[in-house]
Amino acid sequence: MILNLLFMFGVAVLIRILNTFSKLSEIRGNRKLAVIFLGIDSFLFLSVFKKVMTDTSSILVIFMLSVGFMVGYLLGGKLEEYVALGNIAATIKVAKSDSKVLFKRLNDAGFIFTRSKRVYTHTGIPVKVYHGILFRKELAKLKKCLKGLDHITYTEAVSGVFGKKLVRAK
C-alpha cells in the first residue's frame, strides 16, 4: 500500500516536470521535443488515471497525486532555472547619467548590446535604451552588471535566432 502511494507520488512529480519542459520547449519553438514530452506525459497521466479509477483506496491515492503534482511543479521550475535553456531578449532603460557606467560594465562582462541615442520618458527625463540577446544562463551576470543603477529592465523569451552566431559573454 505505502509503496503504491509512493509510486503514485513519484509518477505525479514526473508528470508535472515533463509538462513544464513540454511547455518550455513549445515556447522556444522546439515542437518536436514538446510533442515527445507531451506523449510521455499523456501516457503516464492516463496510466495513473486508470489506476485511480480502479483502486479502492482512491482518496489516499488522489491526495498523493495532488501533492506529487505540486512538488513536480516546483521541481520542474527549479530544474528549468538550473538548466536555463534558450535565449532571451533584454531591454534596459537606464538613466542617462548611468549610461556610461552601464556601457562599461556590459563591455567588461562581454555582453553585446545596441544603445539608443536618447529617449525621453513620459515625464521628459532623458534615458538610454539598450537592446540585446543573450543566453538565459547569463541572466544572473546581467543582473550583476545592473546592480546599483537607476534602470528598468525586461526580458522576453526568444523562440528563434538566425543570422550571425550568438556570442557568449566572457
Side-chain angles (χ1 to χ4, degrees), residues 9-42 44-45 67-170:
F9 173 81
V11 171
V13 169
L14 186 60
I15 287 170
R16 286 306 304 166
I17 290 172
L18 288 169
N19 188 272
T20 299
F21 278 95
S22 174
K23 287 179 184 176
L24 291 169
S25 297
E26 186 176 351
I27 289 170
R28 293 198 176 96
N30 193 344
R31 291 181 185 239
K32 290 179 185 175
L33 188 58
V35 167
I36 291 169
F37 282 136
L38 182 65
I40 297 168
D41 175 7
S42 299
L44 290 174
F45 180 78
V67 172
F69 284 139
M70 291 185 288
V71 170
Y73 178 82
L74 295 173
L75 280 176
K78 289 292 181 191
L79 280 171
E80 193 275 331
E81 286 175 14
Y82 178 74
V83 174
L85 298 172
N87 305 311
I88 58 169
T91 301
I92 306 166
K93 294 180 181 180
V94 65
K96 187 175 182 278
S97 58
D98 288 338
S99 180
K100 288 183 180 178
V101 174
L102 177 60
F103 185 75
K104 181 168 176 18
R105 287 183 188 179
L106 290 172
N107 280 338
D108 290 346
F111 289 112
I112 299 171
F113 275 78
T114 58
R115 177 176 60 171
S116 69
K117 289 199 177 207
R118 186 181 337 187
V119 179
Y120 291 94
T121 65
H122 65 286
T123 57
I125 299 171
V127 296
K128 296 278 189 162
V129 179
Y130 289 76
H131 296 283
I133 296 178
L134 57 144
F135 295 99
R136 281 200 56 236
K137 285 188 178 255
E138 299 172 336
L139 187 57
K141 191 175 185 180
L142 178 64
K143 286 180 181 178
K144 199 180 278 187
C145 289
L146 295 167
K147 197 167 192 144
L149 299 177
D150 183 15
H151 71 93
I152 295 173
T153 302
Y154 62 90
T155 61
E156 301 175 79
V158 175
S159 63
V161 177
F162 50 90
K164 274 188 138 181
K165 185 179 177 187
L166 271 181
V167 178
R168 289 201 178 277
K170 293 178 189 172

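Below, all heavy atoms of this structure are taken into account, side chains as well, without hydrogens, waters or symmetry copies.
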*Rounded to the nearest 0.5 Å, how far apart are CG of Asp150 and CG of Leu102?*
11.5 Å
*Could you tell me whether a side-chain N or O of Arg16 sits under 3.5 Å from a main-chain N or O of Leu75, the two making a donor and an acceptor?*
no
Compile the donor-acceptor pairs under 3.5 Å between side chains in residues 31-42 and protein atoms, sequence neighbours left out, one pair per line.
from, atom 1, to, atom 2, distance (Å)
Asp41, OD2, Asn19, ND2, 3.1
Ser42, OG, Leu38, O, 2.9

*asked:* How long is the straight-line distance from CG of Leu134 back to CD1 of Ile88, given to the nearest 0.5 Å?
replied: 4.5 Å
*Around atom CZ of Phe69, are there more than 12 heavy atoms of other residues, nucleotides or ligands at under 6.0 Å?*
yes
*asked:* With a sphere of 6.0 Å drawn around CD1 of Ile152, does it hold more than 12 non-hydrogen atoms of other residues, nucleotides or ligands?
replied: no
*Rounded distance (nearest 0.5 Å) linking atom CD1 of Ile133 with atom CD of Glu156*: 10.0 Å
*Verify the distance criterion only: is there a donor paired with an acceptor across the side chains of Ser99 and Tyr130 at less than 3.5 Å?*
yes
*When rounded to the nearest 0.5 angstrom, what distance separates CZ in Phe111 from CZ in Arg105?*
12.5 Å
_Tell me whether Lys141 at atom NZ has more than 12 heavy atoms from other residues, nucleotides or ligands lying less than 6.0 Å away._
yes
*Could you tell me whether the side chain of Leu142 reaches within less than 4.5 Å of the side chain of Ile92, counting heavy atoms only?*
yes
*Interatomic spacing from CZ in Arg136 to CG in Leu24 - rounded to 0.5 Å*: 7.5 Å
*Reported CZ-to-OG1 distance for the pair Phe113 and Thr91, which is rounded to 0.5 angstrom*: 8.5 Å
*Ignoring hydrogens and angles, tell me if any N or O in the side chain of Ser25 forms a donor-acceptor pair with the backbone of Phe21 under 3.5 Å.*
yes
*Give the minimum heavy-atom separation between Cys145 and Leu106, together with the two atoms involved.*
CB-CD2, 4.3 Å
